[in-house]
Amino acid sequence: MTLIRKRWLASCTAVLAASAMLAGCGGSSSSSGSTTSGKDSSASGLATAEKKVAALQAMAKTYPVPTTSVPGVDKFKGRKVFYIPIVQQVPAFVATAGSTKQALSKAGLSQQVCDGKAQPTAIASCVQQAITADAAGIILDAIPYGMAQNALDAAKAKGIPIVIADQNPPAGVKNSNQVSYVPGASSQPTAMAWWIIADSKGKANLIIAQNADSPTAIKMVADSLPIYKKYCPGCKVTVKEITASTPALLASKASSNVLSNPSANYYYTEFEDSLQPTLQGVQQSGRAASISVSTAAGSVNGLGLIKSGSVKAVVAADQLYMGFGVTDELLRMMTKSGPIDEAQPMRLFTKQNIDSIKVTAAAQASGEWFGDGSFQADFTKLWGIG
């Protein structure tokens, strides 16, 4: 695999890791790695990728529900939990807000959604509202702790437990009953790597549009790169940074990325919120017919485009399960019986399996894209309900 990647300036990385998640830092393109060859390794890698894709496309037969019970949940009936997503209107967060509300209601709690607006001041205001309301807990989604550290420290001082979803813990930080990280489906770029290797028969010339807005998004892509190196010696991977802080520039960025790599035949934009401008940019480049576009954190928007043929693959995470998972984590922290590792199922969708589901918001919310939803009864049993 040949890897071409933008390098971050050290000061820019430090800013992102601390709090300025949407600073839109840049860097210069450089090359690292080398192209390897060998028919045996290519054939072996392709066979492995095809097996992985088959498993990723299948419905879940079991769920990763915890096994230890959560005593004392009934003491918190009637209390309120604040759910604070980085940007409220993103489809994945809309779905998680709905599933978290559903899970909390089963435990006798209510939910208040507060839009983080991708701004530290707005996030801090949401946290302050939770403190004023004497919230039983706070669930942040895709928000690094540093974006509102002072406000979150104040919430901790008040004894309000904080779950941080869709983020990896910083190096050296361990989960506790005060703050716990639930990374979610952080291997979505890895799942996409398996599909790209299989679909290209080990010969992809790939552009990855990496979301530079958080250290976790950067790490998710970084964790996928060894898959290409080990299993696809005939692949070339170019990583380009994009940022949600300049949405009006996403289309021109996609067009530029394609035009600067005239041999590219695959384009993976990391999250679905950048998919529409990506498609626009690829179209503007004049190369739409020769580029296979894919994305992750998918919803009805991305999956619907598989049916039309403009998108070839989408990885979607089970947001209904995520709602129950983060609720379970928070209840464990509230009752001082946690935290534990909470997983999140995901599924790969392509033209091979898209017709097996209903591409509707209701179907996504119900969890039927992923399995039979039996985990709901399993969770409530752990909580001493029903």
Side-chain angles (χ1 to χ4, degrees), residues 1 3-27 29-30 32-33 56 85-87 90 92-93 96 118 140-147 149 163-175 179-196 206-231 237-245 268-274 294-298 315-317 322 325-326 329 339 341-346:
M1 178 199 77
L3 171 62
I4 302 172
R5 179 174 186 147
K6 276 184 152 188
R7 291 179 178 169
W8 279 72
L9 296 174
S11 60
C12 203
T13 302
V15 171
L16 280 170
S19 64
M21 177 174 146
L22 300 178
C25 307
S29 294
S30 62
S32 64
L56 287 163
I86 182 77
V87 179
V90 172
F93 300 141
T96 302
L140 302 180
D141 208 336
I143 298 173
Y145 191 95
M147 282 194 78
Q149 182 167 344
V163 171
I164 303 178
D166 293 313
Q167 290 286 290
N168 290 312
V173 173
K174 294 184 178 180
N175 288 346
V179 179
S180 183
Y181 289 79
V182 179
S186 58
S187 61
Q188 292 182 79
T190 296
M192 191 58 69
W194 291 121
W195 175 79
I196 290 168
L206 166 67
I207 297 170
I208 299 178
Q210 172 188 268
N211 188 301
D213 291 338
S214 82
T216 292
I218 295 168
K219 185 177 185 299
M220 287 168 65
V221 169
D223 287 347
S224 73
L225 298 180
I227 300 295
Y228 297 101
K229 184 175 183 180
K230 182 176 181 179
Y231 294 97
V237 179
T238 304
V239 178
K240 297 287 190 177
E241 294 165 1
I242 60 173
T243 172
S245 64
Y268 165 43
T269 189
E270 189 171 6
F271 301 126
E272 191 189 78
D273 54 345
S274 59
S294 59
T295 192
V315 177
M322 185 62 164
V326 295
E329 187 77 344
D341 291 335
E342 302 276 0
Q344 183 183 16
M346 62 181 179

Rounded to the nearest 0.5 Å, how far does CZ of Phe271 lie from CG of Asp166?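 So the CG of Asp166 and the CZ of Phe271 are separated by 8.0 Å.
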
When rounded to the nearest 0.5 angstrom, what is the spacing between CD1 in Ile143 and CD1 in Ile86?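 Reported to 0.5 Å precision, the distance equals 4.5 Å.
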
Apply side chain to side chain donor-acceptor pair (under 3.5 Å) to [X] and list each qualifying residue two or more places apart in sequence or on a separate chain.
| X | value |
| --- | --- |
| Glu342 | none |
| Ser224 | none |
| Asn168 | none |
| Glu270 | none |

So do [Y] and [X] actually touch side chain to side chain, heavy atoms under 4.5 Å?
| X | Y | answer |
| --- | --- | --- |
| Ile242 | Ser274 | yes |
| Met220 | Asn211 | no |
| Leu225 | Ile208 | yes |
| Tyr145 | Leu140 | no |

Can you name the side-chain contact (heavy atoms from CB on, under 4.5 Å) partners of Ala191, sequence neighbours left out?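 Scan of Ala191 (side-chain contact (heavy atoms from CB on, under 4.5 Å), adjacent residues dropped) gives Leu56, Val315, Met346.
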
Looking at [X] and [Y], what are the two nearest heavy atoms and their distance?
| X | Y | result |
| --- | --- | --- |
| Asp141 | Thr96 | OD2-CG2, 3.8 Å |
| Glu329 | Pro339 | OE2-CB, 3.0 Å |
| Ala212 | Glu241 | CB-CB, 4.1 Å |
| Ala193 | Ile227 | CB-CG2, 4.1 Å |
| Gln344 | Ala317 | NE2-CB, 3.4 Å |

Between Thr216 and Gln167 (side chain of the first, backbone of the second, donor and acceptor by atom type, cut-off under 3.5 Å), is there such a pair?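 Judged by distance alone, no pair lies under 3.5 Å.
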
Mark yes or no for whether Thr269, through its side chain, and Thr295, through its backbone, hold a donor-acceptor pair below 3.5 Å.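 Judged by distance alone, no pair lies under 3.5 Å.
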
Who pairs with Tyr181 by ring-ring contact (aromatic ring centres under 6.0 Å, His included), at least two apart in sequence or on another chain?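 Expected list: none.
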
Using the test salt bridge (charged side-chain N to carboxylate O under 4.0 Å, His left out), find all partners of Asp341 that sit at least two apart in sequence or belong to another chain.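 With neighbours one apart ignored, the set is empty.
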
